[in-house]
Amino acid sequence: MADICLTVKEVAELKGCTERFVRKQISNSTICAEMAENNKSGSVVVYRIPLTALDKKLQTKYKRQQLAAMQQTINTQEEALSLRFTPVPDYENLTESERRELFFWKGILDEWQKFRTNAEENGNSLAEADATYVALTNNKWAANPPAYAKSLSNSQLHRKRKDLKEKGELSLISKRGKHGNHARKMTPEMVDIFECYYLDDHELSAKQCAFLTHRELLRRYGAENVPEMPKVDMFERVAQNIPLTVRKYFRKRHTEFVGDCAPHITRMYDMQPNDIWVADNHKFDVIVSKDGKQTRVYLTAFMDVKTRKFMGWCVTENPCADATLLALKNGIAKYGAPKMIYCDNGREFLFHDFGGNGFRKSAKLKEGEFKPPTILEDMGIEFKTALPKNARAKGIERAFRGVKDDFSKLHDTYTGGHVLEKPDSLAKALKQGNIPAILDFIKFADAYIEGWYNQQPHRGEGMNGRTPNEAFAEELYEQRIVPPNLLDLMFMRYGKGTMNVSKTLSIKVYGQRLNYFDEGLWRDCCGKEVYVRYDPAKLESIRVFDTDGRFICEAALDTVLGYDANSEEIQTAQRAKRHAIKTVANYKRIEEAEVQKASDAMLDYFIEGQANAQAHKPKPKMVELVRPIASASRKAVSDDYEPLDLYASSQHLLDQQEKRMAV
């Protein structure tokens, strides 16, 4: 490189300046240069500037330019050399029509060469042989010409042979309509910008995205330098060429993408009845009446995964912890306790004393800190939750579709699942007041589940056309029974964490802080950590346990803080003030419901089926008695323990509220 010298013009281009500036630097001795001979006119001095006299950065730049030029020359030579060899076609990347056309012309050229060889052996000239072959071929094609050529000519044969020799077999395929000139204006940058706008959940049209692409290019390059835009039709073709899975993933809702495009996961049902219960909530698409007001209610249900049988359920105004516990309690009382419960991540399932926090973050326990067992842990029931935003993992969703089709649509006040399903007759039914009362609706729902759903043949995996009742009765092997005198106790709520005993114990129920006191507890356990259990329907007292799970005492509600208030008045006042009491009463009053149209016939059928459900009473091979695991619950049980009556307690509170309002 030491012998390389540059001219003033080359140095000026390298530095990005004028030749006059370079000459000025030479005259100032900033750049070392050798004077060469003058040009013809003698007016301009010619200099030879050594490369080593320039700055290191300029030397590196010059070397890079030379390497790039050499690489360009090599690429040009390789491209010219590659034309001498015929490329081997990739038949898998050709369409069926292109493969047929390729083999058609190869057959024609082979037949033509054989015809010429025979003509030469017979002493005929090649020109005469070519003319004869063309005439014979055209006569053969006259009645039924092939799709790739209407007729054959001498020049066409020679052109095809030349293309095959120089360009390879792919040259035999017609390029008509495939030249790609129409796409020359569509640059990769345009495609990227267009897809950025098009692949969005706002679902803009291809025309709008093409306009936005043009605006973005204007912003980047200005009005003078913006590239020419293709027509909108070309952008629409680009949009159609995007894979369907990609379009649905970006432009549609996640649930629609998963339902239409995501691979299906098949679940195995290799289990026994009562092994797994799945839980969820369903909002009835029916308007009901409560206290003269229109509302819609929910179904909180537990379903046996193996047999698809509804085990326990509860109709409630809003999904809540108490509705979940009541539905589970009803199911366990009838059919025994499951081994595992599977549900989603709703707050009505992930509360502290039922299943914990699931996927939600929870505060870490300090070293040595005691955490009371949950209700499920106390009964030996495993608890699992589905992955977030994965509703299809719960088979009960499909059962709820049957509830909608077979039950909700029977009512005059059926609303439909969305606005497109809303019946035109709904407005007339509401205007005429044909709205079912909430108590009648609850009775109707109970009859439907027991008298219809659990007795319908099922075509699911492992069901073999049996009804849920039949499958449960036939396959139940082990049944874990909870004694009736322990059922209410085992479903008592736990207080949140432990608390320190001072003058009183304080818990928060229905948004109200309640204080409890026991003289022996205060005297013997002051300053110690304890935890409590309580019945939301009977707050006159709570049960207190130590951190080892031993029962200590039963503390009574402190009446001093509430003056003359008692537990019933506290709950009633909170319900009237904040409408926050979510205790669900299990109404079972037998009344004749006023049923309209198709409901009349179906209700009678449901009730008949409900009575016949006893015919499928299960006969387990083994019966296990479920007792509370925690020693606290065992210590707390005595022979004279009276089971809780949720309905009677709730009704008593309502009666007390009515008396206060009357005064």
Side-chain angles (χ1 to χ4, degrees), residues 278-290 294-304 307-319 323 326-327 330-331 334 391 394-418 420-426 429-430 434-460 463 467-469 472 584 586-613 616:
V278 61
D280 205 352
N281 298 292
H282 169 69
K283 189 174 185 179
F284 286 107
D285 297 325
V286 180
I287 296 177
V288 299
S289 174
K290 180 186 178 183
Q294 298 178 7
T295 185
R296 289 171 64 184
V297 293
Y298 289 80
L299 173 67
T300 299
F302 287 82
M303 186 186 77
D304 181 63
T307 62
R308 284 76 162 181
K309 176 183 174 68
F310 275 127
M311 311 301 288
W313 60 91
C314 174
V315 179
T316 177
E317 292 185 60
N318 291 293
L326 184 57
N330 291 337
K334 291 181 180 179
K394 308 187 301 296
I396 196 171
E397 297 282 353
R398 292 184 287 273
F400 286 154
R401 288 203 297 267
V403 173
K404 173 183 175 180
D405 294 337
D406 299 336
F407 176 72
S408 297
K409 291 183 178 180
L410 295 174
H411 295 80
D412 291 341
T413 54
Y414 170 69
T415 63
H418 49 79
L420 297 179
E421 292 183 352
K422 184 177 180 180
D424 295 336
S425 60
L426 176 61
L430 295 176
N434 298 333
I435 307 174
I438 186 171
L439 296 182
D440 294 335
F441 184 83
I442 292 174
K443 187 181 71 172
F444 200 172
D446 290 342
Y448 160 75
I449 293 176
E450 285 190 313
W452 175 269
Y453 179 85
N454 282 345
Q455 300 194 58
Q456 291 301 301
H458 202 289
R459 294 177 295 176
M463 293 295 289
T467 68
N469 281 344
F472 187 83
V584 181
N586 188 14
Y587 295 99
K588 289 294 182 181
R589 291 184 297 174
I590 304 228
E591 298 177 358
E592 284 201 13
E594 190 174 4
V595 184
Q596 300 291 327
K597 300 177 182 176
S599 304
D600 190 20
M602 294 304 297
L603 177 58
D604 292 339
Y605 190 85
F606 292 162
I607 294 176
E608 291 176 7
Q610 188 177 8
N612 296 331
H616 301 288

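- Ala323 approaches Cys314 most closely through the heavy-atom pair O-CB, 4.0 Å.
- Using a 4.5 Å heavy-atom threshold, the side chains of Leu299 and Ile449 count as touching.
- Looking only at side-chain heavy atoms (C-beta outward), Leu426 and Tyr414 stay at 4.5 Å or farther from each other.
- With rounding to the nearest 0.5 angstrom, the NZ atom of Lys283 is 13.5 Å from the NZ atom of Lys404.
- Residues satisfying the side chain to side chain donor-acceptor pair (under 3.5 Å) test with Asp424, not counting sequence neighbours, are none.
- Taken from CZ in Phe400 to CD1 in Ile396, the straight-line distance is 3.5 Å, to the nearest 0.5 Å.
- A pairwise comparison of heavy atoms in Ala429 and Asp412 identifies CB-O, 3.7 Å as the closest pair.
- Under the 6.0 Å cut-off for aromatic ring centres, Phe441 and His411 qualify, their centroids lying closer than that.
- Contact annotation: the side chain of Asn330 never approaches that of Phe302 to less than 4.5 Å [non-hydrogen atoms, C-beta and beyond].
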Determine, stepwise, if the pair Thr415 / Arg296 fulfils side-chain contact (heavy atoms from CB on, under 4.5 Å). CA-CA 10 Å; Thr415 63; Arg296 289 171 64 184; 4.0 Å; yes
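- If you take CD1 on Ile438 and CD on Glu317, they are separated by 5.0 Å, rounding to the nearest 0.5 Å.
- The heavy-atom pair separating Gly416 from Pro423 by the smallest distance is N-CD, 4.4 Å.
- When all heavy atoms of Met463 and His458 are compared, the closest pair comes out as CB-O, 3.4 Å.
- For the atom pair CZ of Phe444 and CZ of Phe284, the computed distance is 11.0 Å after rounding to the nearest 0.5 Å.
- Side-chain contact check for Asn454 versus Thr467: every heavy-atom pair is 4.5 Å or farther apart.
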Please report the C-alpha distance between Tyr448 and Asp406 in whole Å, then the side-chain angles of each, then the deciding distance to 0.1 Å, and finally whether the side-chain contact (heavy atoms from CB on, under 4.5 Å) criterion is met. CA-CA 9 Å; Tyr448 160 75; Asp406 299 336; 3.9 Å; yes
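- Once rounded to the nearest 0.5 Å, the distance linking CE of Met311 with CE of Met303 reads 10.5 Å.
- When each of Phe472, Phe407, Tyr453 is tested with Phe310 by the rule ring pair (Phe, Tyr, Trp, His ring centres under 6.0 Å), just one qualifies, namely Tyr453.
- Here the closest non-hydrogen pair linking Asn434 and Thr413 is O-CG2, 3.3 Å.
- Of the inter-residue distances, the one linking Arg401 atom CZ with His282 atom NE2 reads 11.5 Å to the nearest 0.5 angstrom.
- Minimum heavy-atom separation, Asn318 to Tyr298: CA-CD1, 4.1 Å.
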